[in-house]
Amino acid sequence: MNCPICQNPLIALELDQVEVDHCRACGGVWLDPDEMDLLLEGSAGREEIRASLERGEPIDEKTRRCPICRHKMEKARVRREGGGAGIQIDRCGRGHGTWLDGGELHAIVALSEFPEAHRIHEFLQAVFRGDSRETRA
């Protein structure tokens, strides 16, 4: 599978039952259906973030194409109540998954209020160490 931004091959990284497809060139991440939910397991903000994902809204940003079906993806925002504008993400309208630009996975984890020593922090630090791309929300 290729990156929907730069077309480079995505590499598969796994934590327990969650497989994250990562683009080393642009720092983006592809999550198959339900993987966002699995990543947020144990988060204080999981339900609030899940509810915000269900509310899509039109956003001005270049449309991305799903790396599986190649159809244009929908824009959505991930946010917590009182959390400002949130983080813009791309979702396949046919249910194939979610695309996160470089830095957006880190930003979602930061919104999620995990315990400090949670496995997701260790995973992100080990896998994305040195990836200094900032969120483009």
Side-chain angles (χ1 to χ4, degrees):
M1 175 168 38
N2 291 332
C3 174
I5 296 176
C6 61
Q7 301 306 309
N8 286 309
L10 299 177
I11 59 168
L13 309 166
E14 190 172 335
L15 171 68
D16 295 334
Q17 72 263 32
V18 182
E19 184 177 290
V20 174
D21 296 294
H22 174 63
C23 179
R24 302 267 309 161
C26 71
V29 174
W30 175 257
L31 299 173
D32 291 334
D34 301 323
E35 287 179 343
M36 175 83 75
D37 208 31
L38 289 170
L39 279 175
L40 295 176
E41 193 173 302
S43 158
R46 180 180 181 185
E47 295 305 317
E48 200 174 339
I49 288 171
R50 180 190 287 160
S52 79
L53 278 169
E54 294 169 2
R55 294 189 299 265
E57 44 184 82
I59 299 168
D60 295 329
E61 182 189 71
K62 185 177 178 181
T63 304
R64 315 258 191 246
R65 293 196 175 268
C66 172
I68 295 175
C69 69
R70 303 298 302 151
H71 283 86
K72 290 182 179 180
M73 290 191 278
E74 306 167 342
K75 301 292 181 181
R77 287 210 182 262
V78 176
R79 70 174 116 223
R80 295 213 41 204
E81 193 172 312
I87 300 141
Q88 183 173 283
I89 65 167
D90 300 272
R91 297 183 305 180
C92 175
R94 295 179 174 217
H96 292 124
T98 303
W99 175 258
L100 306 172
D101 291 333
E104 290 176 349
L105 181 56
H106 292 276
I108 291 170
V109 168
L111 274 181
S112 305
E113 295 181 20
F114 283 98
E116 189 72 24
H118 194 273
R119 67 188 175 107
I120 190 67
H121 287 291
E122 294 169 7
F123 176 70
L124 291 175
Q125 287 174 356
V127 171
F128 300 105
R129 187 180 327 264
D131 188 352
S132 60
R133 292 171 190 86
E134 292 189 18
T135 304
R136 296 174 218 141

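As the structure is a computational prediction, the values presented were derived from the model and not from experiment. Computed over heavy atoms, backbone and side chain alike; hydrogens, waters and symmetry mates excluded. Positions are given from 1 along the sequence.
- Applying the side-chain hydrogen bond (donor to acceptor under 3.5 Å, both in side chains) rule to Asp32 yields the partners Trp30; only residues at least two apart in sequence or on another chain are considered.
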Under 3.5 Å, sequence neighbours excluded: what are the donor-acceptor pairs made by side chains of residues 92-99?
{"unit_1": "Arg94", "atom_1": "NH2", "unit_2": "His71", "atom_2": "NE2", "d": "2.9"}
{"unit_1": "Trp99", "atom_1": "NE1", "unit_2": "Asp101", "atom_2": "OD1", "d": "2.8"}

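- With Asp21 as the fixed residue, the side chain to side chain contact (heavy atoms under 4.5 Å, CB included) test singles out one of Asn2, Leu31, Leu10: Leu10.
- Ala76 and Arg91 get closest at one heavy-atom pair: CB-NE, 3.8 Å.
- Residues Ile108 and Ile87 approach most closely at N-CD1, 3.7 Å, considering heavy atoms.
- Rounded to the nearest 0.5 Å, atoms CZ (Arg24) and SG (Cys6) are 12.5 Å apart.
- Applying the salt bridge (Lys or Arg N to Asp or Glu O under 4.0 Å) test to Glu35 and every residue at least two apart in sequence or in another chain returns nothing.
- Looking at heavy atoms from C-beta onward, Arg65 lies in side-chain contact with Lys72 at the 4.5 angstrom threshold.
- Checking side-chain atoms of His22 against main-chain N and O of Ala12 turns up no donor-acceptor pair under 3.5 Å.
- In this structure, the side chain to side chain contact (heavy atoms under 4.5 Å, CB included) partners of Asp37, at least two apart in sequence or on a different chain, are Arg46, Arg50.
- Under the side-chain hydrogen bond (donor to acceptor under 3.5 Å, both in side chains) criterion, Asn8 pairs with no residue, sequence neighbours left out.
- Separating the CE atom in Met1 from the SG atom in Cys23 is a distance of 11.5 Å, to the nearest 0.5 Å.
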task = Test Val29 against Glu104 for side-chain contact (heavy atoms from CB on, under 4.5 Å), laying out the working first.
result = CA-CA 8 Å; Val29 174; Glu104 290 176 349; over 6 Å; no
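- For the pair Asp90 and Lys75, the minimum side-chain heavy-atom distance is below 4.5 Å.
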query = Under the side-chain contact (heavy atoms from CB on, under 4.5 Å) criterion, do Glu14 and Val20 qualify, and how do the steps go?
reply = CA-CA 6 Å; Glu14 190 172 335; Val20 174; over 6 Å; no
